[in-house]
Asker: 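A single structure is presented below for examination.
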There are 2 protein chains.
Amino acid sequence: MDMDMQPELCKVDDALGILVGKWKPIILLILLQEGTKRFSDLKRRVPGITQKMLTKQLRELEEEDIITRNVYAQVPPKVEYSISEYGESLEPILVAMHEWGTAHTLHKTKKGQL
Amino acid sequence: MDMDMQPELCKVDDALGILVGKWKPIILLILLQEGTKRFSDLKRRVPGITQKMLTKQLRELEEEDIITRNVYAQVPPKVEYSISEYGESLEPILVAMHEWGTAHTLHKTKKGQL
DNA sequence: ACAGTTAGTATCATTATGTATACTATACCA
DNA sequence: TGGTATAGTATACATAATGATACTAACTGT
């Protein structure tokens, strides 16, 4: 169909590249489901994540225009993150993954019981 | 909604855990779209992958019952891989990712042109 | 006798990813 | 005067993922 005969494959990797990482899907789900959050709120909602990692993930998501960063000139600092309009377009993928994950849990349970 | 107030997150991670890896989605798409393939066919269809990586990815997918491995008692050896019935249930996710990836390419192009 | 084929394994090197810990600025509160 | 809070940065380190390369068994064809 194309020069290297697999034009579609890289597209999937694009999506994966954005969703992947130990923390990104969790961050995205929180922002999608609960709306705008401050840095410290996110840190509380994602137990176990370090500041460095949270910062890194947020920066990467911002880079891809998936989330929006809003800094308030205050002390102590206040920074809010929210899903961008574009980022909302990821929702079907997250939903598909969530549905599959739920079914997968059952599948594993069944296997375990045999 | 649940004890730790984020019951959904781990489900998404389950799907992600299976799809992630530099090569898994490509392998899965090939098997989904083109059906059963031998090891060497896959190697040819996924340029750049090493035998070690291909073997590893296939083993992991097999572990999760996503693909099926069929060994023929021949010399030189012949081993065929195909998507399992269960593995086919991943298709909606792959499709959602592919669609998003396609739109994402446009999005990036637009940005680049500004 | 010797090269080519297939589906791997073994070993080592290099990156990528993640963790732990300490540190900063500045305002507010006691 | 000292402690608390926020949103980070800096540094060092540990672990996991990926890559490069060489090797194997056993049969076929030359």
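Numbered from 1 within each chain, the chains take letters A, B, ... in sequence-line order. No hydrogens, no waters, no symmetry mates; every other heavy atom, side chains included, goes into these values. For clarity, every value in this text was computed on a predicted model and none was experimentally measured.
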Asker: Can you check the B:L58 CG to C:dT6 C1' distance for me, whole Å?
Answerer: 14 Å

Asker: Rounded to whole angstrom units, what separation is found between the CG atom of A:L54 and the C1' atom of D:dA7?
Answerer: 10 Å

Asker: For D:dT6, does either OP1 or OP2 sit under 4.0 Å from a side-chain N or O belonging to A:R38?
Answerer: no

Asker: Inspect the surroundings of CD in B:Q74 and state if more than 12 heavy atoms from other residues, nucleotides or ligands are less than 6.0 Å away.
Answerer: yes

Asker: Rounded to the Å, how far apart are A:I27 CD1 and C:dG18 C1'?
Answerer: 13 Å

Asker: Choose from D:dT6, C:dG18, C:dG8 the nucleotide whose nearest atom is closest to any side-chain atom of A:S40.
Answerer: D:dT6

Asker: Report the distance from atom CD1 of B:I67 to atom OG of B:S82, rounding to the nearest 0.5 Å.
Answerer: 8.0 Å

Asker: Taking only side-chain nitrogens and oxygens of A:R59, does any of them come within less than 4.0 Å of OP1 or OP2 of D:dA7?
Answerer: no

Asker: What's the closest nucleotide to the A:M53 side chain, out of D:dA7, C:dT19, D:dT18?
Answerer: C:dT19

Asker: With side-chain contact (heavy atoms from CB on, under 4.5 Å) as the test, pick out the partner of B:V46 among B:D41, B:L54, B:I30.
Answerer: B:I30

Asker: From the list C:dG18, D:dA7, C:dA27, which nucleotide is the closest neighbour of the side chain of A:R69?
Answerer: D:dA7

Asker: Considering heavy-atom distances to DNA chain C, does A:E60 or A:V75 have its closest nucleotide positioned more toward the 5' end?
Answerer: A:E60

Asker: Figure out the CD/C1' separation between B:Q57 and C:dG8, and round it to whole Å.
Answerer: 15 Å

Asker: Rounded to whole Å, please give me the gap between NZ in A:K22 and C1' in D:dT15.
Answerer: 11 Å

Asker: Using the test side-chain contact (heavy atoms from CB on, under 4.5 Å), find all partners of B:E99 that sit at least two apart in sequence or belong to another chain.
Answerer: B:V95

Asker: Quick check: are there more than 12 heavy atoms from other residues, nucleotides or ligands sitting under 6.0 Å from NZ of B:K37?
Answerer: yes

Asker: If the condition is side-chain contact (heavy atoms from CB on, under 4.5 Å), which residues does A:K56 pass it with, not counting sequence neighbours?
Answerer: A:M53, A:E60

Asker: Counting the atoms with a prime plus P, OP1 and OP2 as sugar-phosphate, which does A:Y81 contact under 4.0 Å by heavy atoms, base, sugar-phosphate, or nothing?
Answerer: sugar-phosphate

Asker: Starting at the 5' end of DNA chain D, which residue's closest nucleotide do you reach first, B:G48 or A:K52?
Answerer: A:K52

Asker: D:dT11, D:dA20, C:dT9: which one has an atom nearest the side-chain heavy atoms of B:T50?
Answerer: D:dA20

Asker: As a test of reading the structure: which of C:dG8, C:dT6, D:dT18 is closest to the side chain of B:T55, going by heavy atoms?
Answerer: C:dG8

Asker: Which of the following nucleotides, D:dA17, C:dA7, C:dA27, is nearest to the side chain of B:K56?
Answerer: D:dA17

Asker: Grab the CG-P distance between A:N70 and D:dG8 for me, whole Å please.
Answerer: 12 Å

Asker: Between atom CD in B:E62 and atom P in C:dG8, what is the gap in whole Å?
Answerer: 9 Å

Asker: Just how far, in rounded Å, is P of C:dT17 from CG of B:L16?
Answerer: 13 Å

Asker: Between C:dG8, D:dT18, D:dT6, which nucleotide has the shortest distance from any of its atoms to the side chain of A:P76?
Answerer: D:dT6

Asker: Across the strands shown, which category fits A:K43 at heavy-atom distances under 4.0 angstrom: base, sugar-phosphate, nothing?
Answerer: nothing

